[in-house]
Amino acid sequence: MYQHHSAQLPDGKRLHLQQGPIDLIIAAEGTETEVQKAFEQANLVFDGLLARLVLDLGALRSPYSADLLVHGDVAQRMVRAVAPFASQFVTPMAAVAGSVADHVCQHICKTCDLTKLYVNNGGDIALFLASGESYRVGLVADVEQPDLNGTIDITADQGIGGIASSGWKGRSHSFGIADTVTVLADCAAEADVAATLIANAVNLPACDKITRQPAHSLDLDSDLGERLVTVDVKRLSADEVEEALSAGEAQAQEYLAQGLIKACALTLQGSTRVVGTMCLPTILQSTQLNQLEGAQL
Amino acid sequence: MTEQEKNSVVQCDACPVRCRIKFGRAGACDRYANLDGELARVDPLVIVERAKKDGEKLIPFLSKEHEWSGDIVVADQHFVTAVGAGTTYPDYKPAPFIVSSEVNGIDMVTVVTEGIFSYCGVKIKIDTDRHLGHEQATVRCEGEAVGHVTTGEYGSQMLSLGGVEHLTGGSKKEGRVTCQCLLDLCNGQAVTLNVDDGVEIVVQAGQPPIINGVKEERMRVGCGSATIGMFAKQWRDHVDDVVVVDDHITGVMSEHQAGKLLDVEPSGIVIKGRRSTPGRYFQVASPGTGWGGTDIDDPLSILGDFKEKEAKPGQSLLMVSTTGEHFGYFELDDTLKPVEKELPDELKASVMRIQENCEPAMCSVMFIGGAGGSLRAGVTENPVKLTKSVKDTLTHVTSGGADVFIWPGGGITYMVDVTTMPENSFGYVPTPALVAPIEFSMRLDDYQALGGHMDSVQKLEDVLAATKIRQVGQNQEASWPMASKHYEWGPEG
Ligand code: SF4
């Protein structure tokens, strides 16, 4: 009975696929026939994807361990993506949005001959660039007023395959207080996990300006169980902002050194830090940039 | 709120995730929520942004990057639709949004609400001559009765689905399946239906029907007799006789009035159906999915032996269906038996012409619903005044910003072509009933005169600024809801 929603946008270059919590915008460039083929393939690979993912949901919501058994393609991708991060608590659900984006993106790349492709899953983006191509990524500071606050140029030789964002105001719960952490990495799944964990690390464990609640009191099905997640953050002092950002930055530096991410931007109440100089610096200096929420292509 | 309510959890079954949603929270997709212990759809409000004059198409889609871009709002270019507005049912509270804006110097208000319709359904027109099932036959979805085959129209079969009998009058499962079926059809999804003693058909608004696994390409140009009338002139110099096979009226050129006028000789042909007037035959075969909506695969099966007195060996015969999809060319041998031959080029052209003249077959889905007393009470303190104001064209009704047809008579019962509405305009409540957007636009002083909820009127700019907004372009085919021509006081009113 469940069918996914599929519609090509009027510009002819983008396809919108949606089912339940998965919302994909897919943009392909290449010859007209290859673009059409890409959209057909996208529909094919998306068909039943969520239903299969749901079969493994129980295992995917449990903390990572090396012997976690899942069956579906996307589910296995999620488990693989969290493995290198598993020195701390993490469940494969931290990689869900990015893994879906990667899965669809890689399937299309395998079957079609394109020059550029992105699969944007609600802000977690998998992308492909043929040699010599580039994407200009716009960044939105505030979802409530989504103006374009800056751009990043991503070129094929940088080897960036994924962009993801996380923050306590987003759809999934966070232990931390970052407004947004945006990560560029080899693939969207790794970017997704890294963004989640770095956003968790932006934190002030003993600060009474932060209200927390057990995750399951908000969402019965949460993979975070009884752990406390952030539900409100009051105005912090400048020192507190710096302290929290530094904690997150240290975590990001560690991932950068391990080669798990390529670059990261962290924002909290108007302050921004950038880790990995690769492509971010120019735009994120802006002091008005108080909330870097989601990336727009 | 009681303790029990606070603890109430609803399960959403709109997708395989099947979220268990706590009181006041939303599911994983943010599209469904537990509002007051009931499952409800919570899409952001839809703004139909008036399409630029030189023709941007409808941008029927919901994504973060197309939410309000921060543009300065120009009042006569934005119209707030009720998609995602939520509803006040069954309370007599004001509708969720009463928005005022100035259009051409006139203060206009639009009362925006999502109506819960348990009296609602869809009428589906399916362009096909194929027999789908007998009139009144039950139409099923997943085995449950969801409606019936109703009176056929020209070149099309009609289905009537939904309605209160199926939504709430039958078993729980019947109601649930009917609701899902209507919801999917209204939101432009494909739905598979089975007609008792008839076909399996896949219906999707704006798409060709798929009948027993075969996609219907064209709708016929006319009945068999009408086709003879249209094409006899092109045929008479190239073939001795033509039979246009049709489930309704099969036509024979040599006997038909059109053939007689062109001095076509009798060919000695014998048709097995019931003769109506010369050259027109009813019931040459049973209805089916073969030639021209009949059940035949071999066209010769409708012919008797040729009459020896009139038929001559070598005589030619074209048999063709009303859409030109099926055709065969025959010549009589020495024993006057038709033998299939290749279709000569001149005739090929005429068969092609029949095909060309058949419009693409399509399914159209019209939502029909009636705005009940409590919905109208959300608009004004005196519901019947609203009905009157609509009939007097002081108030213009739209659904998701799209044009509607209002039935004459009591109440406000309207029909709307679902393809003219923004994407995913419909929702449902577990009652089960459909949730559809409905907007009432009128002059501010007319609203006051109606006994409108003046205290609840908000400025358009404030709604745009304060609420999560999904912005879509205006559908080119629909007229601008606030254009003065819709109103009694307008230029032609
Ligand atoms: S709330 Fe959304 S994600 Fe959850 S079951 Fe319903 S449709 Fe699926």
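In the text below, chain A, chain B and the rest are named by the order of the sequence lines, each starting its count at 1. Not measured: the values here are computed from a predicted model.
- Formation of a donor-acceptor pair under 3.5 Å by the B:K22 side chain with backbone atoms of A:S217 is found in this model.
- When all heavy atoms of A:G20 and B:C15 are compared, the closest pair comes out as CA-SG, 3.4 Å.
- Atom CG in A:L220 sits 10.5 Å away from atom CZ in B:R25 (nearest 0.5 Å).
- Interface residue B:R20: backbone and side-chain heavy atoms are both found under 4.5 Å from chain A.
- Under the side-chain hydrogen bond (donor to acceptor under 3.5 Å, both in side chains) criterion, B:Q204 pairs with no residue at all, not counting sequence neighbours.
- Contact annotation for A:L218: both backbone and side-chain heavy atoms come within less than 4.5 Å of a heavy atom of chain B.
- A:Q19 approaches B:P16 most closely through the heavy-atom pair NE2-CD, 3.8 Å.
- Residues passing the ring pair (Phe, Tyr, Trp, His ring centres under 6.0 Å) test with A:H107: none are found, sequence neighbours excluded.
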